[in-house]
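Heads up: the structure comes next, in structure tokens.
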Number of protein chains: 2
Amino acid sequence: MTKGRVTVIDIAKAAGVSKSTVSLVLQGSPLVNEGTRSKVNAAMRELGYVYNRGAANLRQTSAKSKIIGVVVNDLTNSFFAELAVGVDMVVQSAGFVQFLSNTSESIDRQREVIASMREHGISGLIVSPARATEAADFKPLVAADIPVVVVVRSLPGTKVSSIVSDNQGGTFAAVEHLASLGHTRIAFLGGFPDTAVFEERLAGYVDGVTVAGLGFNEELVVSSAPSRAGGSDAIGRAMAMSDRPTAAVCFNDAVAFGVCDGLRARHLEPGRDFAVIGFDDVIEAQTAVPALTTISVDPQSMGRRAAQLLLKQINAGKAEPESVTTAVRLVVRESCGAAQKKTGRKMA
Amino acid sequence: MTKGRVTVIDIAKAAGVSKSTVSLVLQGSPLVNEGTRSKVNAAMRELGYVYNRGAANLRQTSAKSKIIGVVVNDLTNSFFAELAVGVDMVVQSAGFVQFLSNTSESIDRQREVIASMREHGISGLIVSPARATEAADFKPLVAADIPVVVVVRSLPGTKVSSIVSDNQGGTFAAVEHLASLGHTRIAFLGGFPDTAVFEERLAGYVDGVTVAGLGFNEELVVSSAPSRAGGSDAIGRAMAMSDRPTAAVCFNDAVAFGVCDGLRARHLEPGRDFAVIGFDDVIEAQTAVPALTTISVDPQSMGRRAAQLLLKQINAGKAEPESVTTAVRLVVRESCGAAQKKTGRKMA
DNA sequence: ATTGCAATTTGGAACGATCCAAATTATTGC
DNA sequence: GCAATAATTTGGATCGTTCCAAATTGCAAT
């Protein structure tokens with residue numbers, strides 16, 4: 001076998017040209033003669049050449065590394081996994097590769113990960129920030145002219161682009177729908193109150209009950225962990241009230257599933273005895289029993305949009321911060337009691 | 001602001017030493033004087049220095065890039081997301097970063113992704129291969145002395161390490177348990193027959209029914225897509241038989257959930273009227289209603305083990321192929337009818 | 001043939017780090 | 001105080017690629 005790795009010089013020797021010509025072929029320059037090009041390509045195949053991007057990046061001061069970094073706060077949550085898949089799609093087809101890391105909501109981990117990505121010379125970053133992230137965390141990136149797109153959670157005070165879903169509009173639509181079904185005591189369940197997302201979704205809820213003429217009653221807001229267990233907990237506390245709610249808008253789908261669990265444990269059937277609406281439209285929402293009425297945000301297309309925006313900024317050279325809020329829509333299924341029985345789930 | 005990027009030479013100048021000394025500091029060499037070290041570190045902080053790993057890798061023939069590649073066939077599936085998180089944990093704490101890509105079962109995508117990773121100089125690869133992957137796909141990697149660890153799906157004929165769970169042992173235990181509860185017509189539902197995993201799980205099922213003295217009946221094996229929809233489909237076909245099964249071992253948890261859906265659609269309650277056992281123990285298994293009895297494989301610890309094995313091989317310099325099968329265990333919950341009511345799900 | 005002009009090709013000189021051997025400085029024993 | 005030794009520090013040379021200016025080639029027109 002060959003001792004060291006195969007370099008452009010080996011190829012040049014084998015094809016009887018200079019290393020400069022090989023380099024020209026590598027970058028698909030139109031300057032090189034068709035005959036030479038194929039000779040060089042043949043030699044590359046012959047010797048099993050692998051392009052060394054590290055060396056290339058070293059020389060090209062301006063050009064890019066073809067790496068984009070993706071940082072998410074919880075990959076275990078299928079919402080973020082889908083988001084990453086969406087990003088990967090467009091990033092891959094643009095000839096970039098994805099550096100994906102998970103922070104598990106740890107701000108320290110996030111810092112480490114971003115530092116490491118910088119060392120590797122990422123040409124852009126998409127990040128769903130960990131809970132305690134501050135605007136200052138991205139200062140060095142923007143100073144180095146590395147485009148950053150923040151997704152899912154907005155970060156007040158930053159000069160970077162962001163893509164968030166229309167949280168307020170979503171919960172507003174949910175409340176509106178429940179009110180139209182005749183509910184008058186509608187709860188807002190789950191989520192940690194110290195997050196921007198919580199605030200936005202709660203604001204939509206408040207708007208909703210106000211516009212529907214039900215009035216805002218703080219007692220009906222029950223926060224909890226944004227998880228299935230948290231949802232089960234929240235509905236427990238809600239049902240312990242003297243004047244119980246008959247419907248709930250949940251912080252997200254995980255909470256909504258937990259609420260359903262909790263209702264069943266109390267011999268109440270979600271969708272019949274109590275209306276439940278989630279948020280996110282995770283993949284299980286449509287196959288669960290009862291199928292979950294929820295606000296659909298389509299994380300995958302959100303990921304795609306984030307990647308497109310980032311690539312645009314990378315190509316433009318200059319990162320003009322842009323804020324996008326993606327539309328959401330209410331998907332009516334069974335859990336809200338608006339029995340749409342025609343959405344056939346007879347068999348698969 | 002500074003024009004170009006900050007290099008070791010800038011640091012050297014600022015700290016009043018030579019670039020060689022700065023380099024020594026960078027690699028934490030014990031040769032350098034404590035006083036100089038802190039002077040250099042101060043200068044680095046001052047100027048906002050970022051280490052250029054690309055340049056470093058160029059020189060160090062032997063040493064590695066601190067990048068490890070991770071390729072999964074379906075990141076949308078939370079099993080693989082958890083696996084990736086497990087890998088990330090140990091990889092990160094070893095000072096490496098993860099290059100994660102998703103192939104969506106596309107062999108072409110997989111090839112592209114691996115080629116791209118090679119160009120970036122990964123020092124190792126962990127891969128859950130796409131369906132049609134051949135042993136030859138990894139030849140160039142092993143020829144280049146890049147350690148490869150195949151996870152989840154074994155790949156016959158490769159000279160690379162692999163970590164798979166004890167599929168056969170898992171389904172065997174599941175059948176044994178169902179037989180001990182008195183079931184005599186036990187079906188095997190879901191999964192694509194052309195995969196190694198399917199074969200192994202089926203083999204465990206066949207062993208199980210044979211050992212239990214029930215005899216193997218091919219009719220009771222119903223394959224389908226390994227998804228929730230597939231499970232719903234499979235149970236539909238199983239219940240259409242003249243002599244219906246009363247219990248099922250499912251290819252995985254997704255199928256098992258689909259089976260539960262299908263049973264409910266036929267007004268049968270899983271766990272009471274029909275026993276269901278899954279495989280994987282995904283996160284939802286314990287909170288679902290009824291809680292799913294399943295074979296636990298703990299993808300996260302599998303990811304951790306894969307990463308540990310890979311790092312071991314990277315550090316050893318030479319990759320001695322190793323095959324590990326990780327133990328699985330039967331987690332008895334409600335869906336098999338062995339009512340363990342004490343596993344309190346009163347509230348959270 | 002010789003010139004002019006476009007089409008190709010080509011040797012260095014970078015890029016930012018590491019390595020090596022050799023130089024410098026500090027410390028010790030006598 | 002001086003040689004011997006240990007502890008630090010330091011200039012190139014180098015990794016594999018791209019860039020640049022300059023050289024070579026081909027070919028039509030003179």
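All chains are named by letter (A, B, ...) in the order of the sequence lines, taking the proteins before the strands, and each is independently numbered beginning at 1. Being a predicted model, the structure only gives us computed values, none of them experimental.
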Length of the line joining B:Asn52:CG and D:dC15:C1', which is rounded to integer Å:
13 Å

Output the rounded distance in Å from NZ (A:Lys66) to P (D:dT17).
17 Å

Length of the NZ-P vector between B:Lys13 and C:dG16, whole Å:
12 Å

Do B:Gln27 and B:Ser23 get their side chains close enough for a donor-acceptor pair, meaning under 3.5 Å?
yes

Output yes when a side-chain donor or acceptor of A:Glu119 lies under 3.5 Å from a complementary backbone atom of B:Tyr51, and no otherwise.
no

Please state how far atom CG in B:Asn57 lies from atom P in C:dT18, giving the value in whole angstrom units.
10 Å

Treating primed atoms plus P, OP1 and OP2 as sugar-phosphate and everything else as base, which nucleotides of nucleotides 4-14 of chain D get B, S or - for protein heavy atoms under 4.0 Å?
----SSBBBBB

Spatial distance of atom CD1 (A:Ile314) from atom NZ (A:Lys66) [nearest 0.5 Å]
9.0 Å

In whole angstroms, the gap separating P of C:dG16 from CG of B:Asp10 amounts to 9 Å

Please tell me if A:Ser23 has a side-chain N or O lying less than 4.0 Å from either OP1 or OP2 of D:dT18.
yes

For the pair A:Glu34 and A:Arg37, find out whether any cationic side-chain nitrogen is under 4.0 Å from an anionic carboxylate oxygen.
yes

About how many Å separate CE of A:Met117 and CD1 of A:Ile67, when rounded to the nearest 0.5 Å?
9.5 Å

B:Lys13 NZ to B:Ile9 CD1 distance, which is reported to the nearest 0.5 Å:
7.0 Å

Rounded distance in Å - CG (A:Leu47) to C1' (D:dG16):
15 Å

Whole-Å gap separating C1' (D:dT17) and NE2 (B:His120)
14 Å

Determine: side-chain N/O of B:Gln27 to OP1/OP2 of C:dA17, distance under 4.0 Å, yes or no.
no

Once you round it to whole Å, what is the distance between P of C:dA14 and CD of A:Gln60?
18 Å

Determine whether A:Asn52 and B:Leu58 make a side-chain contact, defined as any pair of heavy atoms from C-beta on separated by less than 4.5 Å.
yes

Overall bend of the helix from C:dA1-D:dT30 to C:dC30-D:dG1 (five pairs an end, 10° steps) is 40°

From D:dG16, D:dT18, C:dT18, nucleotide with atom closest to A:Leu58 side chain:
D:dG16

Would B:Lys312 and B:Glu322 pass as an ion pair if we require N to O under 4.0 Å?
yes

Hey, are the side chains of A:Ile107 and A:Asp137 touching, using non-hydrogen atoms and a 4.5 Å cut-off?
yes

